[in-house]
Every structure is written in structure tokens, then in C-alpha cells.
Amino acid sequence: QVQLVESGGGLVQAGDSLGLSCTASGRTLATYALGWFRQAEGKEREFVAGIRWSGGRTSYADSVKDRFNISKDNNKNTIHLQMNSLKPEDTAVYFCAAGPYNRVYRGTYDYWGQGTQVTVSS
């Protein structure tokens, strides 16, 4: 089992930056990948960014890849999502997710955090 705890959401204005963090506990992450998803009100959950723990390979949704950056802190079992040039359409609940890489590669994350609200005002 992996427990995920997100932090860092809040209310910002368009153009601002905001950072999210997700700390994982419960097992070693060496064979895992972690990611961020978001769900806006009335919309389906969508992938935002992901990172493979071993090697640090990253991936991004096209809508954020020039503005967001995902990184990891090996010593703290934590991933970060730095969000820059935020837009009102980035408003959503952001979820941290984790899973074995061989399942994440096929689109399945097994563990999810509770989510943190990000609101971007215009």
C-alpha cells in the first residue's frame, strides 16, 4: 500500500505561480511512477504530468507542458508540481497518483491522494 498526501493548493490570480507537493509513504518507490491529475467541476479527470521514480523521466499534457514542471525529491519521497502562468482553466482539484511503472505505462495508477483545490481567478 502507498499513502499519498498532497499539499499546496489555494487561490491565485491568472498569471501567478503555485506549487503542489505530494509525499508518498508505505513502500519504496524504486519501481513506481507518480503523477498529477486534475478534475474540474463538471468535467472528467485528466492527466497533467507524470514522473518515473527511477530515472526521473517525465511526461506532460499538452495543455501544461510549457507552463508546469514536475520534479521529485528522492530523500523525502515527494514529488512537486510547479505551476507557472496559471490560467482560469487550470482551476480544478488536483490529485496525486502512484503505481507500479508497468501498470502506469498502461494507464493504470493504483493509489490516489485526497486531492487539493487550485482556483485561478481572472
Side-chain angles (χ1 to χ4, degrees):
Q1 287 282 347
V2 176
Q3 292 78 45
L4 302 170
V5 178
E6 303 106 333
S7 62
L11 172 64
V12 296
Q13 293 186 332
D16 285 352
S17 298
L18 189 66
L20 304 181
S21 297
C22 172
T23 299
S25 61
R27 61 154 292 142
T28 180
L29 299 175
T31 59
Y32 272 51
L34 284 80
W36 289 97
F37 288 74
R38 66 186 182 186
Q39 187 167 19
E41 189 171 352
K43 296 187 177 181
E44 293 187 355
R45 186 171 59 194
E46 64 175 358
F47 173 79
V48 175
I51 186 166
R52 185 174 181 178
W53 198 261
S54 176
R57 189 168 188 174
T58 60
S59 59
Y60 296 90
D62 287 343
S63 60
V64 307
K65 66 180 179 180
D66 294 328
R67 301 183 294 122
F68 291 10
N69 183 67
I70 188 170
S71 61
K72 64 183 176 74
D73 184 333
N74 291 333
N75 292 329
K76 297 182 178 180
N77 267 17
T78 297
I79 62 170
H80 304 284
L81 184 68
Q82 179 63 37
M83 304 182 291
N84 301 318
S85 301
L86 283 161
K87 304 175 182 179
E89 51 263 44
D90 294 317
T91 295
V93 178
Y94 284 70
F95 296 91
C96 178
Y101 179 72
N102 60 353
R103 288 175 57 79
V104 168
Y105 183 76
R106 292 168 173 79
T108 300
Y109 285 79
D110 292 330
Y111 305 101
W112 294 83
Q114 293 297 309
T116 185
Q117 177 71 44
V118 173
T119 303
V120 184
S121 64
S122 57

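We number each residue from 1, following the sequence as shown. Keep in mind that this is a model prediction, so the values were computed, not measured.
Counting heavy atoms from C-beta outward, Leu34 and Arg52 have side chains that stay 4.5 Å or more apart. Residues Ser59 and Phe47 are in side-chain contact: their nearest non-hydrogen atoms beyond the backbone lie under 4.5 Å apart. Contact annotation: the side chain of Phe95 never approaches that of Thr116 to less than 4.5 Å [non-hydrogen atoms, C-beta and beyond]. Here the side chains of Tyr94 and Gln39 are not in contact, with every heavy-atom distance at 4.5 Å or above. Side chains of Tyr32 and Tyr111 form a contact here, defined as non-hydrogen atoms less than 4.5 Å apart. Taking 4.5 Å as the limit, every side-chain heavy atom of Gln1 sits out of range of all side-chain heavy atoms of Arg27.
The closest side-chain donor-acceptor pair between Thr78 and Ser21, if any, does not fall under 3.5 angstrom.
Residues Val120 and Phe68 are members of one and the same hydrophobic cluster, defined by side-chain heavy-atom contacts under 4.5 angstrom among Ile, Leu, Val, Met, Phe, Trp and Tyr. Residues Leu81 and Val12 share a hydrophobic cluster, clusters being chains of Ile/Leu/Val/Met/Phe/Trp/Tyr side chains in contact below 4.5 Å.
When all heavy atoms of Ser122 and Pro88 are compared, the pair lying nearest together is CB-CG, 3.8 Å. The shortest non-hydrogen separation linking Ala24 to Val2 is CB-CG1, 4.1 Å.
From Asn84, atom CG reaches atom CG of Asn69 across 8.0 Å, with rounding to the nearest 0.5 Å. Atoms CD and OG, on Gln13 and Ser121 in that order, are 4.5 Å from each other to the nearest 0.5 Å. In this structure, CH2 on Trp112 lies 3.5 Å from CZ on Arg45, to the nearest 0.5 angstrom. A distance of 10.0 Å separates CD1 of Ile51 from NE2 of His80, quoted to the nearest 0.5 Å. The CZ atom of Arg67 sits 12.0 Å away from the CD atom of Gln82 when rounded to the nearest 0.5 Å. The structure places CG of Asn77 at 4.5 Å from CG of Leu29, a figure rounded to the nearest 0.5 Å.
Remark: the backbone N or O of Gln114 is paired with a side-chain donor or acceptor of Glu6 at under 3.5 angstrom. Distance alone, capped at 3.5 Å, is enough to place a donor-acceptor pair between the Lys72 side chain and the Trp53 backbone. Within the 3.5 Å criterion, the main-chain N or O of Ile70 finds a donor-acceptor partner in the side chain of Tyr60.
Of the listed residues (Val48, Val118, Ile79), just one forms a side-chain contact (heavy atoms from CB on, under 4.5 Å) with Leu20, and that residue is Val118. Residue Leu11 is tested with Asp16, Thr119, Thr91 for a side-chain contact (heavy atoms from CB on, under 4.5 Å); the sole match is Thr119.
Between Tyr109 and Phe37, a ring centre-to-centre spacing shorter than 6.0 Å is recorded.
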Asp110 and Arg103: side-chain contact (heavy atoms from CB on, under 4.5 Å), yes or no, with the steps?
-> CA-CA 8 Å; Asp110 292 330; Arg103 288 175 57 79; 2.8 Å; yes
